[in-house]
Structure formats: structure tokens, C-alpha cells
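Here is the structure we will look at.
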Amino acid sequence: MSTREYNFADIEAKWQGYWEEIGLFRMDERSPRQKFYALVMFPYPSSVLHVGHGRNYIIGDVVTRYKIMRGFNVLSPIGYDAFGLPAENAAIQDGLHPAISTEQNIKRIRGQLKRWGLGYDWSREIATHEPEYYKWTQWVFLKLYEKGLAYRAEAPVNWCPSCATSLANEEVVAGRCERCEAEVETRYLPQWLFRITDYAQRLLDDLSLLDQWPQRVTVMQANWIGRSVGAQVEFRLAETNQPLPCFTTRPDTLFGVTFMTLAPEHPLIEKIVRDTPGEKEVLKFARRARSLRVQERTTPELEKEGIFTGKYVINPVNDEKVPLWVANYALMEYGTGAVMAVPAHDQRDFEFAKKYGLPIKVVIRPEGEELRSEEMSEAYIEDGIQVNSGKYDGLDNRTAMKRIVEDLAARGRGKEAVAYRIRDWIISRQRYWGAPIPIIYCDKCGEVPVPEEDLPVRLPEKIDFTPKGKSPLATVADFVNTICPHCRGRARRETDTIAQWLCSCWYFLRYLSPHASERPFDPTLVNKWLPVDQYIGGVEHAVLHLLYSRFIVKVLHDQGFVNFKEPFKALFTQGMIVKDGAKMSKSKGNVVSPDELIDKYGADTQRLYTLFIGPPEKDAEWSDRGVLGAFRFLKRLWDLVSEFAGEVKDANIEEIEPEALPPRMRRLHRKTHLTIKKVAEDIERSWHFNTAIAAVMELVNELGASRPQSPAASQPVGPSKAGPSGPSTDGQAAVLKEALEAAVMLLSPFVPHIAEELWETLGHKPSIFHQSWPAYDEEATVAEEIEIPIQINGKLRSRILVEAEATDEEIKSAALADQKVQKHTEGKEIKRTIIVPKRLINLVVK
RNA sequence: GCCGAAGUGGCGGAAUUGGUAGACGCGUCGGACUCAAAAUCCGGUGGGGCUUCAAACCCCGUGGGGGUUCGACUCCCCCCUUCGGCACCA
């Protein structure tokens with residue numbers, strides 16, 4: 001037997017070396033071919049990657065290789081999101097400097113990526129912790145600072161006690177730290193923020209440009225931005241006439257306002273209660289309410305509490321005087337921090353009013369019904385007809401809403417307004433392992449940005465990482481003490497670092513000119529290559545990385561640095577791979593290591609199984625048995641090609657004449673073309689690699705059945721070895737060759753190493769990826785005979801074989817001639833006949 | 001509570017616009033090869049009924065209940081379950 005061993009280890013090493021050598025994935029800036037930017041979310045270098053991470057990169061690699069074969073000039077870069085807390089926490093634990101552990105991890109991960117056979121342009125590799133990179137992250141910060149989009153404020157922040165740093169709102173999930181799941185506290189600290197709220201409307205509007213994003217991601221972003229349309233209405237303090245604007249989405253209920261509430265943080269509180277009898281009590285209440293933890297403060301379960309300030313405000317629609325309260329459920333960050341309360345038509349206000357005996361005044365009633373406040377057990381929040389609303393009585397509330405706002409606007413006491421749920425983005429981190437914020441504080445000049453030519457502000461290396469609630473950088477005198485760029489006087493540096501999210505907001509621009517030392521990116525190249533044609537990553541970044549990147553790109557666009565508005569044209573979010581029903585994690589002990597798997601079966605097997613496991617956008621359960629199945633398939637393919645290679649070598653595919661072939665070969669020829677058709681459709685239409693692979697498996701099964709020694713293909717092999725693939729059957733050899741080559745090519749983006757090797761076995765010169773993707777012959781996919789199922793009253797009763805071109809009449813008479821059909825129609829009348837061309841016939845009988 | 005996705009054999013999953021439900025793989029059962037095992041190859045495999053066995057045949061079957069249709073995993077209505085996201089945002 002001439003069958004060779006499937007020695008995957010050697011094969012994979014061989015071709016990985018070869019691709020590197022010929023620069024298969026090196027992007028050529030001068031190529032005239034159409035560009036395609038394929039991007040995978042770059043890895044965070046914490047320890048090693050598991051097979052779950054692999055899915056992301058494997059899918060990306062399939063896209064890269066497929067697009068290359070489709071003739072595109074592909075850019076497929078890789079890098080490392082290297083700043084961040086885990087490295088620093090590890091340093092605290094075992095004393096290894098983050099710079100060292102990060103470098104070590106990068107080395108290991110780079111090795112893993114290469115062993116997977118992933119195609120990257122390694123000459124463009126970047127890591128965000130390198131000064132050559134973070135210099136430009138700091139530059140981005142300065143660009144925002146110049147436009148007033150970066151500012152410092154003493155803000156109540158989400159504080160993660162375990163990470164010992166502040167967090168952005170996007171990093172808080174259900175009151176817990178997104179990373180470590182510790183409960184988040186509120187602290188008051190001076191922080192650096194980005195005015196992402198200035199871009200809220202555009203971030204929302206431009207979601208409509210992202211028609212190649214999964215809808216759930218755009219919906220999540222829209223929800224996160226949380227736009228509400230309403231009105232800003234100007235109430236005034238009764239004594240001083242000082243304006244106290246509030247935002248409402250229900251100006252139609254203005255006549256039902258019976259009190260007003262202020263957020264405990266509201267700056268006005270202190271002023272208005274000064275020297276009043278209730279001063280102490282009110283301030284005490286406000287302080288207590290403020291100290292609540294974020295998740296306690298913002299749940300509907302919170303017991304609604306408040307206190308009367310002793311002051312009153314005037315309602316602009318009817319000049320009514322209503323009491324002003326402080327309430328624990330009012331939020332300073334939303335609207336104006338002052339809320340008009342309409343207990344009859346808002347559930348929170350209703351509960352509050354009931355508790356404190358405040359009046360409830362109905363101003364909207366359901367159509368055709370009365371509504372009495374004494375009988376209400378909950379607020380009526382639906383639409384209805386205005387009552388107790390002066391001249392607006394009798395109007396439907398939607399109309400009244402518009403009129404009331406118009407009338408207020410005419411009197412200068414209100415206007416249409418929009419409020420957003422999204423908050424400004426807190427980017428300060430009180431930790432070491434990040435890019436220092438490039439700001440200097442000078443006693444004379446105040447806050448001074450570090451001049452561009454002084455970048456990067458380098459991270460000092462020698463440092464004590466132990467978290468103290470403020471940045472470790474504050475303890476390094478050499479770092480803190482500096483000179484003011486303006487007056488040359490003594491000054492101090494900002495000691496917070498930039499949240500790592502900013503590093504990943506622009507890395508996809510850096511890939512175009514990764515080594516440029518004079519600028520962050522090359523504008524010509526960036527404008528040519530962006531937006532990214534296909535971005536691939538996890539859905540967990542829906543409102544973090546993906547929202548932040550959109551924001552930063554818009555800022556850069558506005559300043560003329562780039563000419564596109566959105567960074568990622570198409571997004572694909574792959575599902576998670578779980579094991580034993582849970583996300584893979586070291587602590588759960590359910591991590592499947594790719595390294596062992598590759599040792600045992602090879603990278604191609606792992607790749608094939610990962611792609612075969614299910615539709616890539618869905619979560620999937622990892623199965624060790626499934627891996628074995630993938631391996632078996634590759635081995636079968638290997639044996640088949642090895643076995644046939646010699647016989648088909650001289651055959652000429654061009655000379656196939658289907659009519660001259662025996663039926664089995666004709667079927668294989670047809671199957672080959674059907675498979676070519678299906679695989680491209682599955683890849684292009686829905687990325688369903690699992691069904692594409694299944695189709696090739698079918699082809700290989702069919703091929704296996706064509707083996708000379710297969711009982712189905714020939715008589716038991718006699719003393720003569722000539723068999724059906726002997727010299728007299730060149731046409732048959734050509735069909736076999738065609739099928740083998742198609743199978744190998746169609747699998748090549750999925751299992752590139754074995755494909756290259758078998759391509760060579762079949763007598764071709766590498767690389768298979770220089771071949772263009774196979775095309776199918778429509779004519780070859782047409783069957784001469786087709787099977788038509790026969791239904792009687794919608795139930796399947798029989799099947800008949802008919803000529804593909806058979807007319808309806810012919811099909812019908814063939815069906816009626818069928819024995820089983822006769823049995824079922826005996827003595828009955830055929831009422832109707834439905835024929836779906838080439839699909840089925842249904843006889844309706846009675 | 002609101003929004004979204006999903007529910008198909010023992011398991012992962014297939015089924016263009018409504019048109020043969022269960023492709024492909026795993027598992028399992030039977031067989032071949034073997035002293036034996038592994039590997040490999042061949043064949044069966046949704047449930048049930050009928051049947052000595054088999055074939056043939058019949059019934060049921062895509063979370064549950066209705067409906068539309070010649071025909072429904074697919075469309076419509078109601079309900080259940082699971083998973084994601086949001087959740088005092090005025």
C-alpha cells in the first residue's frame with residue numbers, strides 16, 4: 001500500500017514556514033487589487049489562550065484566506081492589548097514586573113497564534129504598552145483635550161474596591177465590576193473624563209450606517225445611549241424667583257405636578273436650606289442618600305425616601321406653588337438633577353406621595369372613563385384625555401404635549417429638549433500599568449497639557465505597585481516632580497493613568513504604519529484602508545470597545561485626521577465556546593488547552609472542529625469526541641488523496657464529458673459542482689462554515705464510495721488490477737481528479753496546512769492560496785433524473801423518478817400510475833393537483 | 001417589568017421564497033479485519049404499532065395550545081421555558 005502517514009506535525013511546521021517565507025500575508029501597499037481589511041479583536045496578553053479564544057482568530061483566518069483566494073489585497077494584522085490590571089495584580093501577587101510578565105505572555109501567545117497557522121502580516125505587529133505606541137495614545141488624549149473634550153472634574157465615580165480604581169459606567173454591570181465582579185462603591189474623586197455625551201446624538205444617528213453589524217449590538221448601543229425626547233421646563237423658586245429647570249418626557253402632565261424633588265447631590269440644596277430650621281436634617285439626609293452604593297441607589301426596589309426642604313417652587317403652567325423635596329431616587333447625572341413630580345402619572349412619584357401624604361392630582365384620564373385619585377392604587381401612565389389642565393382640557397395628551405411646550409417656549413419658560421442616558425466617560429485609573437495622562441499641574445499656570453514634542457510621558461520602571469487608593473505613580477518623586485512647560489517653574493505631573501480602552505480605540509489605524517515615529521498613523525494609508533471591511537470579536541465589547549472606538553474615530557474625523565465616520569463597516573460577533581456548560585476559566589478547571597490538542601491531532605483538526613461545532617455566531621459546547629471526529633475526517637481525506645494521486649495525475653479535467661460517463665461518475669461530477677456552489681454560498685451568505693464543511697464531507701463520502709475496491713464501485717477486485725480506473729477510463733480519472741481537487745480547495749481556508757500538502761500531492765505547485773477560488777459549472781449541477789415526492793392530502797405516500805425536464809402532465813400521469821398512489825386514491829375523487837416544479841406533487845382527494 | 005434571541009433524535013446541529021423533517025458529525029448497535037484489542041472499513045439507528053424475522057404498511061413526531069393553507073420547524077394569535085441586554089433615567 002502506498003498510503004503515506006498523515007504526519008500533521010511536520011506538515012504544519014513546513015507550511016507555516018513556507019507562508020512566512022513567501023510573505024503570503026504580507027500586505028502589499030502597491031498592489032492594484034481591491035483592498036480588504038480583515039481585523040480580529042486583538043488579544044489581551046494574560047497568560048495563555050484557550051480553544052475558546054481560538055474561535056475568534058480561526059474565523060478571522062478563514063475570512064483572510066478566502067478573500068485572498070477571491071483576489072483581494074488583504075490586510076490581516078495582529079497585536080496585543082497589553083496594558084491593564086491583571087498584569088499589575090499579578091505583579092502585586094508574585095512580584096514579577098508587569099512589563100516582564102506582559103512580554104513573556106506576548107511571547108507565548110505569539111507562539112500559539114503561529115501554531116494555529118493563522119495568517120497575519122507579522123511585520124505590523126504592535127503592542128499597546130510600548131512607549132512607541134502609547135506615545136500616540138497620549139497624543140489622542142491631547143487632541144481631545146485641545147477641543148475641550150477631555151476635562152477634569154470632581155465626580156462621584158464607580159469605585160471598584162478590589163481593582164482599587166475608578167471605573168467607567170460601561171464597566172459596571174449590575175452594580176458590579178465588569179472585570180472582577182466586586183461590588184462597586186461610590187467615591188468622590190477628581191477624575192479625567194471624555195465628553196462622549198457631546199457625541200451621543202451622532203453615535204446614535206450613525207448606527208444607521210452600520211447595516212452590516214449584528215442588530216443586537218446596535219440595539220444595545222442605542223439603549224445605552226438612551227435618548228429621550230421631552231421638554232426642559234423652567235420652574236422657579238418661590239421666594240427668590242431663581243430658575244430651577246427640570247427635564248420631563250411628559251410635559252402633558254405639568255398640571256398634575258404636586259411637588260418637586262432634587263437629587264441629593266444637587267448643589268442648590270445647601271444654599272436654599274442655609275439658616276433654615278430644617279438645615280441640619282436636610283443636609284444629613286442628602287449625605288446619607290449620596291453614600292448609598294450605586295446598585296442600591298439605582299434599583300426599583302429602593303425604598304423611596306425624601307425630605308422637605310421648607311421651600312416652594314412655582315409651576316410655570318399655572319403659577320401653582322408646590323413644595324420642594326430632596327429624594328433619594330432622583331439622579332444628578334440625568335436631566336438637570338431636579339424632577340417635577342406627578343404622582344398620578346408616574347409610579348415612583350405615586351409611591352413617594354403615598355408615603356409622605358402629598359396630594360395626587362389626576363390630569364390625564366383614560367378615554368371614556370373617569371379616574372379618581374382616591375381610588376388609584378398605582379399611577380396611570382398610559383395615554384388619555386387631558387383633565388384639570390386649564391385650556392388644554394379635552395385634548396388628547398399627545399396633542400396637549402406639543403401645545404404646552406409651544407406655549408411655554410413662547411413665554412420663554414421652556415423648550416423642547418432631549419436627554420441621554422449615557423454619561424461622560426471616566427478615563428482616569430488610579431493604577432500603574434497604563435499610559436500616564438499627559439497633564440502637568442503648575443501653581444502658576446494651572447493645568448497644562450504636555451507639549452506634543454515631549455511625548456511620550458514614560459512610565460517609570462521602578463515602583464511599588466501595592467494599591468493605596470491612589471495611583472502608585474504618586475509615590476515616584478522623579479516622575480511627579482517636573483517643570484512647567486509654560487513658565488519653566490516647578491510643577492507636578494498627573495499621576496493617574498489612561499484607561500486601557502483608549503489604547504484599543506485607535507490601534508486599527510496604527511496597523512497601517514506601525515513603525516511611524518513622527519505621527520500616530522499615515523493619513524493617506526488610513527483613509528484608503530479604513531473603515532475595516534470585516535471586524536470580528538466578542539459581543540462583550542458591545543458598549544465598551546465598540547462604542548468608544550466609534551467615538552474616538554468621530555473625534556479624529558472632526559479634526560480632519562481621518563475622512564471616515566465609522567471605524568468598522570461590518571462586524572461579526574462570534575459565540576462563546578463553553579465546556580461543561582460554563583465559560584472556560586482557570587478557576588472552574590474547564591479550560592481546554594490548544595497546545596495539547598495540537599500535539600495530539602494537529603492545528604488543522606482543532607480548526608476544523610472549531611468551525612464545525614455549530615454556526616459561529618452561536619455559543620457552543622466543546623466536545624472532545626467531536627475533535628476526534630474532525631481528525632478522522634482529515635485522515636480519511638488524506639488517505640483518499642494519497643491513494644488516488646498517482647492514478648489521476650495525468651487526467652485532464654477539461655476533457656470530462658458527462659454523457660460518456662458511467663452513472664456513478666456522472667453523479668460524482670455533479671456532486672462536485674454542487675459542493676463548490678454550496679460552500680461559497682455558505683461562506684458568503686451566512687458564514688455557516690459548519691454546513692460548508694458538512695457539504696465537503698458529503699463529497700468526500702461520495703469519493704470514498706468511488707474507490708476501486710469499494711464493493712459499490714466495482715466487482716470484488718480480481719487478479720487484474722486494472723479496475724474501473726484503468727487506462728480505458730481516462731474520463732473517470734478526470735472526474736476523480738476534479739472531485740479531489742475541489743475537496744482540497746474548498747477546505748483550504750479551514751484546514752490550510754493539510755490542504756497545501758495535498759495540493760502538492762495532487763501534482764501542483766504551492767501555494768494553493770495563490771489559486772483562485774473554484775467556480776462551478778451550472779450545467780454540471782443539473783440532474784437528468786429527479787425524485788419527486790408524492791403527497792396525498794399533504795401526507796407523503798410515495799416517490800417517483802422522473803426526467804428533470806418532465807412536464808406537469810407527465811409528472812401527474814406518472815404519479816397516478818404509481819401503485820401506492822392508486823391504493824390511496826381508490827374509489828376517491830381527485831379534487832385538486834398541486835405540482836411544485838422539480839419539488840413535489842400533492843393530490844387532494846376525497 | 002421592558003427589549004432581543006432561542007427551544008428540532010441519546011448529543012452537537014441540518015432543512016433557499018411554506019414543499020420529502022433529522023443533512024453532516026458524535027454516540028450507539030450489528031458486521032468485516034484481528035489470537036485479541038485499538039485503529040480502519042461496511043451497514044443499521046426519531047418514537048410507536050403490526051409482524052416468527054425481515055420487507056411492506058400504518059400512526060405519532062420540530063416547547064404547549066389554537067389558527068391560516070392542498071401542504072407549516074417555517075406564517076398569524078395565545079401561553080410556557082431558557083439565555084442575553086436594560087432596568088427608579090423623570
Side-chain angles (χ1 to χ4, degrees), chain A residues 173-174 214-217 219-220 222-224 226-228 230 246-250 253 261 263 297-302 304 327-331 333-342 345-349 351-352 419-423 539-540 542-543 576 608-609 612-615 617-630 632-633 635-636 639 678 681 685-686 688 690-698 700-701 704-705 707 709-712 787-799 820 823 831-845:
Chain A
V173 177
Q215 229 190 22
R216 63 176 183 143
V217 175
V219 166
M220 275 162 84
N223 289 341
W224 189 259
R227 179 180 199 260
S228 297
C246 75
F247 174 78
T248 178
T249 53
R250 293 295 302 273
T253 63
T261 59
R297 178 77 182 280
T298 57
T299 80
E301 285 89 55
L302 174 73
K304 289 168 187 46
N328 61 353
Y329 65 88
L331 304 173
E333 308 86 41
Y334 189 75
T336 63
V339 192
M340 61 181 230
V342 188
H345 305 292
D346 181 286
Q347 188 56 27
R348 295 154 297 177
D349 298 343
E351 287 168 34
F352 196 86
Y420 300 93
R421 208 195 70 109
I422 192 173
R423 313 277 199 261
V539 75
E540 66 273 15
V543 289
M576 215 189 345
L608 187 71
Y609 177 63
F612 189 63
I613 197 167
E617 72 278 8
K618 284 205 207 151
D619 289 352
E621 169 79 31
W622 186 268
S623 143
D624 294 330
R625 298 297 320 196
V627 176
L628 194 62
R632 281 207 288 245
F633 170 72
K635 208 163 148 356
R636 235 177 40 241
D639 290 344
K678 174 151 177 67
E681 273 173 7
R685 202 183 39 169
S686 53
H688 282 187
N690 55 332
T691 52
I693 291 165
V696 182
M697 284 174 169
E698 284 186 57
V700 170
N701 289 345
R707 269 195 160 97
Q709 67 269 49
S710 158
E787 194 187 58
I788 299 281
I790 306 174
Q791 292 184 346
I792 291 169
N793 290 340
K795 283 192 174 170
L796 179 73
R797 294 300 183 189
S798 186
R799 299 180 171 91
K820 290 175 204 157
K823 195 182 125 202
K831 296 279 219 192
R832 229 180 123 183
T833 307
I834 291 124
I835 296 177
V836 182
K838 295 182 197 262
R839 298 227 73 145
L840 112 175
I841 173 166
N842 187 13
L843 302 170
V844 184
V845 302

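None of these values were measured; they are calculated from a predicted model. By convention in this document, chain letters (A, B, ...) are assigned in the order of the sequence lines, proteins followed by strands, and residues within each chain are numbered from 1.
Considering only side-chain N and O atoms, A:Arg797 lies under 4.0 angstrom from the phosphate OP1 or OP2 of B:C59. For B:G27, the OP1/OP2 oxygens have a side-chain nitrogen or oxygen of A:Arg632 closer than 4.0 Å.
Atom P of nucleotide B:G84 and atom CG of A:Asn223 are separated by 17 Å, given to the nearest angstrom. Atom P of nucleotide B:C86 and atom CD of A:Glu540 are separated by 13 Å, given to the nearest angstrom. In this structure, A:Leu796 atom CG and B:C57 atom C1' are separated by 13 Å, rounded to whole Å. In this structure, CD1 of A:Ile835 is placed 20 Å from P of B:G18, rounded to the nearest angstrom. In this structure, A:Asp639 places its CG atom 11 Å from C1' of B:A39, rounding to the nearest Å. Between the CH2 atom of A:Trp622 and the P atom of B:C26 there is a distance of 15 Å, rounded to whole Å. Note: CZ (A:Phe247) to C1' (B:C89) measures 9 Å, nearest angstrom. B:C24 atom P lies 11 Å from atom CZ of A:Arg636, rounded to whole Å.
A:Lys838 comes within contact range of no nucleotide atom at all, as no heavy-atom separation falls under 4.0 Å. A:Ala330 comes within 4.0 angstrom of a nucleotide base, judged by non-hydrogen atoms across all strands. In this structure, A:Lys635 reaches neither bases nor backbone, as no heavy-atom distance under 4.0 Å exists between it and the strands shown. Heavy atoms of A:Ser228 sit under 4.0 angstrom from primed sugar atoms or phosphate atoms, though from no base atom. If you check every strand for non-hydrogen atoms under 4.0 Å, A:Gly629 touches sugar and phosphate atoms only. Within 4.0 Å (heavy atoms only), A:Ser623 reaches no atom of the nucleic acid at all.
Using a 4.5 Å heavy-atom cutoff, the side chains of A:Arg636 and A:Asn701 are in contact. No side-chain heavy atom of A:Ile790 sits less than 4.5 Å from a side-chain heavy atom of A:Leu796. Looking at heavy atoms from C-beta onward, A:Arg216 lies in side-chain contact with A:Val539 at the 4.5 angstrom threshold. Counting only heavy atoms from C-beta outward, the side chains of A:Tyr609 and A:Leu628 never approach each other to under 4.5 Å. Residues A:Ile841 and A:Ile834 are not in side-chain contact: their nearest non-hydrogen atoms beyond the backbone lie 4.5 Å or more apart. Taking 4.5 Å as the limit, every side-chain heavy atom of A:Gln791 sits out of range of all side-chain heavy atoms of A:Arg797. Side-chain contact between A:Thr253 and A:Met340 is present, with at least one heavy-atom pair separated by less than 4.5 Å. Using a 4.5 Å heavy-atom threshold, the side chains of A:Asn793 and A:Lys795 count as separate.
Evaluation of the ring-ring contact (aromatic ring centres under 6.0 Å, His included) rule for A:Phe612 yields no partner, not counting sequence neighbours. Remark: A:Gln347 pairs with A:Phe350, A:Glu351, A:Glu378, A:Ala379 by the side-chain contact (heavy atoms from CB on, under 4.5 Å) rule, at least two apart or across chains. For A:Glu698, the side-chain contact (heavy atoms from CB on, under 4.5 Å) partners two or more places apart in sequence, or in a different chain, are A:Lys671.
In terms of position on RNA chain B, the residue among A:Ile693 and A:Leu840 whose nearest nucleotide sits closer to the 5' end is A:Leu840. Each of A:Asn701 and A:Ile422 has a nearest nucleotide on RNA chain B; the 5'-most of these lies closest to A:Asn701.
A:Arg832 and A:Asn842 share no side-chain donor-acceptor pair at under 3.5 Å.
Between B:G44 and B:A54, the distance separating the two P atoms is 15 Å to the nearest Å. The same atom, P, is picked in B:A23 and in B:U8; the two are 16 Å apart, to the nearest Å. Taking the P atoms as reference points, B:U45 lies 15 Å from B:C57, given to the whole Å. Going from the C1' atom of B:G12 to that of B:U16 covers 23 Å, rounded to whole Å. Nucleotides B:G49 and B:G61, compared at atom C1', are 14 Å apart to the nearest Å. Look at the P atom in both B:G22 and B:G46: the space between them is 9 Å, to the nearest Å. Look at the C1' atom in both B:G10 and B:A32: the space between them is 27 Å, to the nearest Å. A distance of about 25 Å separates the P atoms of B:A14 and B:G65, rounded to the whole Å.
Residue A:Tyr329 forms a side-chain hydrogen bond (donor to acceptor under 3.5 Å, both in side chains) with just one option from A:Thr299, A:Asp349, A:Thr261, and that option is A:Asp349.
For B:G31, the base adopts the anti conformation, since its glycosidic angle falls more than 90 degrees from zero.
Minimum atom distance to the side chain of A:Met220 is reached by B:G85, of the listed B:C24, B:U20, B:G85. Distance from the side chain of A:Val173 is smallest for B:C86 among the nucleotides B:U20, B:C24, B:C86. With B:C24, B:C26, B:C89 as the candidates, the nucleotide lying closest to the side chain of A:Arg348 is B:C89. The side chain of A:Arg421 approaches B:A87 more closely than any other nucleotide in the set B:U20, B:G19, B:A87.
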Per-nucleotide protein contact string for nucleotides 66-75 of chain B (B base, S sugar-phosphate only, - none; heavy atom under 4.0 Å): ----BS----
Under 4.0 Å protein heavy-atom contact, by nucleotide of nucleotides 4-17 of chain B - B base, S sugar-phosphate only: --------BSS-B-
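Counting non-hydrogen atoms of other residues, nucleotides and ligands closer than 6.0 Å to CD of A:Glu540 gives a total above 12.
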Watson-Crick and G-U pairing of RNA chain B written in dot-bracket, each distance under 3.5 angstrom, with | for inter-strand partners: (((((((..(((......[....)))((((((.......))))))((((.......))))..(((((..]....))))))))))))....
